[in-house]
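Structure, as structure tokens:
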Amino acid sequence: MASRQIDIDQRIWQVVMLIPPGKVSTYGDVARMAGLPGAARRVGRALRGLPGDTLIPWHRVVNAQGRIVVPGGDDARSEQRARLEGEGIHFGRGPALSLRKYRWRPG
DNA sequence: ACCGTGACTCTGC
DNA sequence: TGCAGAGCCACGG
């Protein structure tokens, strides 16, 4: 029997997979698209459970300010940033990318 | 059941 | 621009 929480994780991952290369989404938006408005923290938890070799583009999810908030220190952060830059996303001077330009929205 | 903690977000100063 | 407060969902001691 599959736990409800697992089903929710699956739904969240499915939404994340829809984010195209070169675009990003926020924890809050992913939560809403997964049918869980207000559960941004739940999204972070779902991504935390992903294996290191996953094909799910977890790096395309940033916070509402366009900043990288992954745990694991500068290592993990620099890796995520490198992946995003590799897809053509430009961070510029600050630690945040421009959601205005790169934010993805369905429809 | 209570409380602390966390890949969050919004509001207000 | 930055920081504190409060609200948020979920987990573990």
Side-chain angles (χ1 to χ4, degrees):
Chain A
M1 54 163 252
S3 167
R4 207 124 178 62
Q5 311 308 329
I6 300 300
D7 291 338
I8 292 176
D9 284 345
Q10 299 279 349
R11 183 126 27 86
I12 290 173
W13 296 338
Q14 187 175 327
V15 171
V16 174
M17 282 191 281
L18 296 177
I19 307 173
K23 289 289 180 180
V24 301
S25 189
T26 68
Y27 294 94
D29 284 348
V30 171
R32 205 160 80 71
M33 287 182 248
L36 303 164
R41 307 193 76 134
R42 184 68 186 71
V43 172
R45 193 168 173 63
L47 296 185
R48 180 68 183 83
L50 288 172
D53 60 354
T54 182
L55 296 178
I56 296 177
W58 54 268
H59 58 281
R60 294 181 195 140
V61 183
V62 296
N63 69 7
Q65 288 99 53
R67 302 197 11 156
I68 290 172
V69 290
V70 300
D74 295 324
D75 283 350
R77 281 198 293 277
S78 58
E79 186 197 325
Q80 180 171 2
R81 176 163 173 157
R83 289 199 185 196
L84 292 175
E85 293 180 325
E87 296 184 350
I89 293 178
H90 182 55
F91 276 75
R93 301 165 186 169
L97 55 78
S98 173
L99 285 176
R100 195 83 135 195
K101 296 180 180 177
Y102 306 114
R103 183 174 186 157
W104 170 72
R105 18 181 150 277

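All chains are named by letter (A, B, ...) in the order of the sequence lines, taking the proteins before the strands, and each is independently numbered beginning at 1. Heavy atoms only: backbone and side chains are in, while hydrogens, waters and symmetry mates are out.
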For the pair A:W58 (side chain) and A:Q80 (backbone), establish whether a donor and an acceptor sit closer than 3.5 Å, ignoring hydrogens and angles.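 Not a single qualifying donor-acceptor pair exists.
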Under 3.5 Å: donor-acceptor pair, side chain of A:K23, backbone of A:K101: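 Indeed, once roles are kept as given, a pair shorter than 3.5 Å links the two residues.
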Roughly how many Å is it from [atom1] in [X] to [atom2] in [N], rounded to a whole number?
{"X": "A:I56", "N": "B:dA7", "atom1": "CD1", "atom2": "C1'", "result": "14 Å"}
{"X": "A:W13", "N": "B:dA7", "atom1": "CH2", "atom2": "P", "result": "17 Å"}
{"X": "A:I19", "N": "B:dA7", "atom1": "CD1", "atom2": "C1'", "result": "13 Å"}
{"X": "A:I68", "N": "B:dC8", "atom1": "CD1", "atom2": "P", "result": "13 Å"}
{"X": "A:I12", "N": "B:dC8", "atom1": "CD1", "atom2": "P", "result": "13 Å"}
{"X": "A:R83", "N": "B:dA7", "atom1": "CZ", "atom2": "P", "result": "18 Å"}
{"X": "A:D75", "N": "B:dA7", "atom1": "CG", "atom2": "P", "result": "15 Å"}

Apply salt bridge (Lys or Arg N to Asp or Glu O under 4.0 Å) to residues A:E79 and A:R83 and explain how you reach the verdict. CA-CA 6 Å; A:E79 186 197 325; A:R83 289 199 185 196; 3.1 Å; yes
Within the 4.0 Å heavy-atom criterion, would you say A:V69 contacts the bases, only the backbone, or no part of the nucleic acid?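 Result for A:V69 = sugar-phosphate.
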Given that both pair distances must be under 3.5 Å and the pair must be Watson-Crick or G-U, what runs of three or more consecutive pairs involve DNA chain C?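 So the stems come out as B:2-6 with C:9-13, B:8-13 with C:2-7.
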Straight-line distance of [X] [atom1] to [Y] [atom2], nearest 0.5 Å:
{"X": "A:R67", "Y": "A:R81", "atom1": "CZ", "atom2": "CZ", "answer": "10.5 Å"}
{"X": "A:I8", "Y": "A:R45", "atom1": "CD1", "atom2": "CZ", "answer": "12.0 Å"}
{"X": "A:R42", "Y": "A:I12", "atom1": "CZ", "atom2": "CD1", "answer": "5.0 Å"}

Any residue meeting side chain to side chain contact (heavy atoms under 4.5 Å, CB included) with A:L18, in chain and number order, not counting sequence neighbours: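 Once residues adjacent in sequence are excluded, the partners of A:L18 under the side chain to side chain contact (heavy atoms under 4.5 Å, CB included) criterion are A:W104.
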Check the pair A:R77 / A:D74 against salt bridge (Lys or Arg N to Asp or Glu O under 4.0 Å), numbers first and verdict last. CA-CA 5 Å; A:R77 281 198 293 277; A:D74 295 324; 2.6 Å; yes
Tabulate protein N/O versus nucleotide N/O from nucleotides 4-12 of chain C, keeping only pairs under 3.5 Å, one per line.
none

